[in-house]
Amino acid sequence: LNLPLRRCPPWCVLFFSELQAPLPRAGRPIQSSKQVQGPPLPKRCGLDEMAPPPPRSFSERARSMSQERIRRRTSFDGLVRGTTPVQHEQADWVMAVARAIYRSRYIFVVGWLVITVCMAQQAWELVLRAAPMAKKPPTNTESSAAMAVFETHYANMATMRREMVMLKCKTECASAASPVSRGFFLEVIDELKRWNNTNNGTIVQIHSYFDFSGHHQLGENPMQTEDSQKILMQWIWRVHPDSESKARAEELCERIKQIIAEENHFQGANGFHMAATGLVFLDHAMKETLIEEIPVHEVSTIWLPFIILALALQSPRMLLLALLPMPIEIIVSFGIMYYVSLQTTVVLFALMMMLMLCTSLSFDYSLFTLTRYAEERSVGEDVENAILTVISQSGRVVVVSGCVLMIAWAAMLGLPSPFNGFCVAACSMILVCVLVQLTFVPSLLAVLPFLGPPRSKPLDALDDLGYRSPLKNGGSSPALSQQSAPELERARPHMKGLFFWSGGWITQFPLNVLLPIGVYMLFSPLTLRMNKNFDWGAFKFKMGHSYELTMPRTANEWDTLVEIQSSFPSEAGIVMPLMIMLERTDQTGETLNKQEFFDMNCRMANAVIAQVKGQPWQVTADNFVSATFHGSDVTGKVSCMETWQMNLVRNNWAAKNIFLAHTSEHL
């Protein structure tokens, strides 16, 4: 007989143990457990030796059998987990931490919920405070020093922004300028004037094609393309970078976009098409792009990891448990970053990156912890033991993974602001994910065990050698029933397939050495490219890349900007000009309004023209706007002006007050 001993009273354990014991045959001694090959046989009551057992009462013998059965089960648990029973009982510091978390399970569950509620307001404030990619140059760079000089000498121009509305014919027409197009521009201008009356004269200038189309216009109209298919309207306003002023400006841009959309809706196939762009329009489009496209991208791609996690967990309740920590992680990490935003700039890209990290890490860590919990419950462990195993075993993987990720993201601390904020944002999200997966998820399972899988039938029945064989599906595990077999024989059923053979192949010498070297050599061009932009003395990147990469390329505002820059003259169609300033650094106080400095500026412009000639980004004299030269000569170089001519326009009373008041003011 090989009868199970599950949940038997002491007399039952003793009775069936006696039945399972082999009876001695005449003339044949019974072997002791030391003479049997393989693992030692469990001691039977009174049958291990020929001598009869000492007389004991029935209750004493029953208690002895029950204790022996528990001892053998504990020894087997230690063998399966790779630790000895002594190590399992002593519990190192990892197990001590696991027990502390389990004892404080109610505190962790309630505590995380309270922290989440308290951080909700700060998290929402962070979303409102987050800025698009900063257009200011990084600190401690030559560009930032030049910007400081510009803001010092041209304080009124430092906060000026240019916005433009382009009108073009849908099909080829004689000219885009008509009474209908004038009416469209006037509608936009009226909206600008109404907004300007309530915002303390923020708008400085409003110009359109029709302001330069009268009989007094000298030369070509800069607000019209050469083929007359497009005309332009623009305004210049002061938009302070603070959040309140920027928010009001973005509200106006949104209203203008609504007006343009309504006019375009009622235009026929041969009508007009209007589009707006500018620095504030682009910033607003960038925010809309990030808020709309990245969450949509997350939702549209989350189904694949969701399915993988569902197949691994095979439980709707466990899947719900994997999703529950995500709101906590997002709100708490955003709340932490709110206090960071009070000290430095936090860009929207950092928040979107945090959302993506939250999704990936939550699914990844849930796969580690919840599958281990399900395995422990499937072999009959109670909730406490399963939770302790999850924290002490799977928790190590989670902690190591989080530490490696934070070390990798810490490399971005060498970047200037606001790019070093990505490091803080990523590390805060990683840290919160690790803490939530280690404390909240196991504690919630301990408090609400019905969220996890039920406990399977306990594996209390031991075979003749003291090993557990039944599984939850009624079969037997080769790893458990073949403990007496050699390790190679137990592993042989798994020694097949592509992954097994490829793993053995790439880990053999010398391929295990050559393969990493080959990977490094493959990526070395990218490494060398980054080194060109890295200052080893200051150990930080020089940030010489273009800010145009931060623009929303899929937005209509960007396409409109590129079309304006390629179709209209530079004096009308440039939104983000490159500025070059000449500053006297000595303390003499001598003015730069001298002919030698005018000539120096002209030589600089001619050198730039010659340097980029023949390149896709080549410039001509018409691309420059300066107070020291105007237009070009017969050779293509800039036509340098005389100092006395400039002084005549700047200082002459008639020029300042009657003829050239606008030009004189700017010069």
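No experiment lies behind these values; they were computed from the predicted model shown.
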*Okay, side chain of Ser362, backbone of Met326: is any donor-acceptor separation there less than 3.5 Å?*
no
*Are Ile236 and Arg161 side-chain neighbours, meaning at least one heavy-atom pair lies under 4.5 Å?*
no
_Among residues at least two apart in sequence or on other chains, which ones pass side chain to side chain donor-acceptor pair (under 3.5 Å) with Glu125?_
Gln121
*asked:* So which atom in Met119 and which in Gly335 form the shortest heavy-atom distance, rounded to 0.1 Å?
replied: SD-CA, 3.7 Å
*Could you grab the distance from atom OH of Tyr365 to atom CG of Leu361, nearest 0.5 Å is fine?*
4.5 Å
*Give, for atom CG of Leu357 and atom CG of Asp364, the distance between the pair rounded to the nearest 0.5 Å.*
11.5 Å
*asked:* Between Leu232 and Val165, is there a side-chain heavy-atom distance shorter than 4.5 Å?
replied: no
*asked:* Give me the atom names and distance for the closest heavy-atom approach of Trp235 to Ile256.
replied: CH2-CD1, 3.7 Å
*Could you list the residues that satisfy ring-ring contact (aromatic ring centres under 6.0 Å, His included) with Trp195, not counting sequence neighbours?*
Trp237
_Under 3.5 Å donor-acceptor, Ser401 side chain and Val397 backbone_ = no
*Only counting residues at least two apart or in another chain, list the ones meeting salt bridge (Lys or Arg N to Asp or Glu O under 4.0 Å) with Arg396.*
Asp92
*So, Asn264 side chain and His273 main chain: donor-acceptor pair closer than 3.5 Å or not?*
no
*Is Trp409 close to Met429 at the side-chain level, that is, under 4.5 Å between some pair of heavy atoms?*
no
_Non-hydrogen atoms of Phe363 and Phe306 that approach each other most closely_ = CE2-N, 3.8 Å
*Closest non-hydrogen atom pair, Gly452 against Tyr373*: CA-CE2, 4.1 Å
*Look at atom CD of Gln611 and say whether more than 12 heavy atoms of other residues, nucleotides or ligands are closer to it than 6.0 Å.*
no
*For Gln343, does the CD atom sit with more than 12 other heavy atoms under 6.0 Å from it, leaving out its own atoms?*
no
*Under the side chain to side chain donor-acceptor pair (under 3.5 Å) test, which residues partner Thr620, sequence neighbours left out?*
Asn623
*Any side-chain heavy-atom pair from Ile580 and Met604 closer than 4.5 angstrom?*
yes
*Under the side chain to side chain donor-acceptor pair (under 3.5 Å) rule, collect the residues that match up with Gln122, sequence neighbours excluded.*
Tyr339
*Would you say the side-chain atoms of Glu163 pair up with the backbone N or O of Val280, donor to acceptor, closer than 3.5 Å?*
yes
Distance-only donor-acceptor pairs under 3.5 Å for side chains of residues 572-579, two or more places apart:
none

_Determine whether a donor-acceptor pair (N or O, by modelled atom type, separation under 3.5 Å) exists between the side chain of Thr359 and the backbone of Leu355._
yes
_From Met164 atom CE to Gln234 atom CD, the distance as rounded to the nearest 0.5 Å_ = 6.5 Å
*Side chain Glu376, main chain Arg372, donor-acceptor under 3.5 Å*: no
*Which pair of heavy atoms, one from Thr369 and one from Ser394, lies closest together, and at what distance?*
CA-CB, 4.1 Å
*Is the NZ or CZ atom of Arg99 both under 6.0 Å from the centre of the six-membered ring of Tyr102 and within 45° of that ring's axis?*
no
*asked:* According to salt bridge (Lys or Arg N to Asp or Glu O under 4.0 Å), who are the partners of Arg255, at least two apart in sequence or on a separate chain?
replied: Glu191
*Are any side-chain N or O atoms of Ser567 and backbone N or O atoms of Ile564, one a donor and one an acceptor, separated by less than 3.5 Å?*
no
*Does a side-chain heavy-atom distance below 4.5 Å link Leu351 with Val346?*
yes
*asked:* For Leu515, give me all partners under side chain to side chain contact (heavy atoms under 4.5 Å, CB included), at least two apart in sequence or on another chain.
replied: Ile506
*Please tell me if the side chains of Ile101 and Val97 come closer than 4.5 Å, counting only heavy atoms from C-beta onward.*
yes
*For Ser341, what residues pass the side chain to side chain donor-acceptor pair (under 3.5 Å) criterion, not counting sequence neighbours?*
Arg129
*Enter the distance from Leu309:CG to Leu323:CG here, rounded to the nearest 0.5 Å.*
7.5 Å
*Excluding sequence neighbours, so at least two apart, what forms ring-ring contact (aromatic ring centres under 6.0 Å, His included) with Phe150?*
Tyr154
_Polar side chain donor-acceptor pair, Thr202 to Asn196, under 3.5 angstrom_ = no
*What pairs of residues pass the side-chain hydrogen bond (donor to acceptor under 3.5 Å, both in side chains) test when at least one of them lies in residues 439-448, not counting sequence neighbours?*
Trp112-Thr439
*Considering residues, nucleotides and ligands other than Met521, do more than 12 of their heavy atoms fall under 6.0 Å from its CE?*
no
*Answer whether the closest heavy-atom distance between the side chains of Leu324 and Val441 falls below 4.5 Å.*
no
*Closest heavy-atom pair and its distance - Ala350, Phe422*: N-CE2, 3.7 Å
*Approximate separation, where rounding is to 0.5 Å, of Thr116 OG1 and Ile331 CD1*: 6.0 Å
*If you measure from CD1 on Ile328 to CD1 on Ile115, what distance do you get to the nearest 0.5 Å?*
9.5 Å
*Who pairs with Lys257 by salt bridge (Lys or Arg N to Asp or Glu O under 4.0 Å), at least two apart in sequence or on another chain?*
Glu288, Glu557
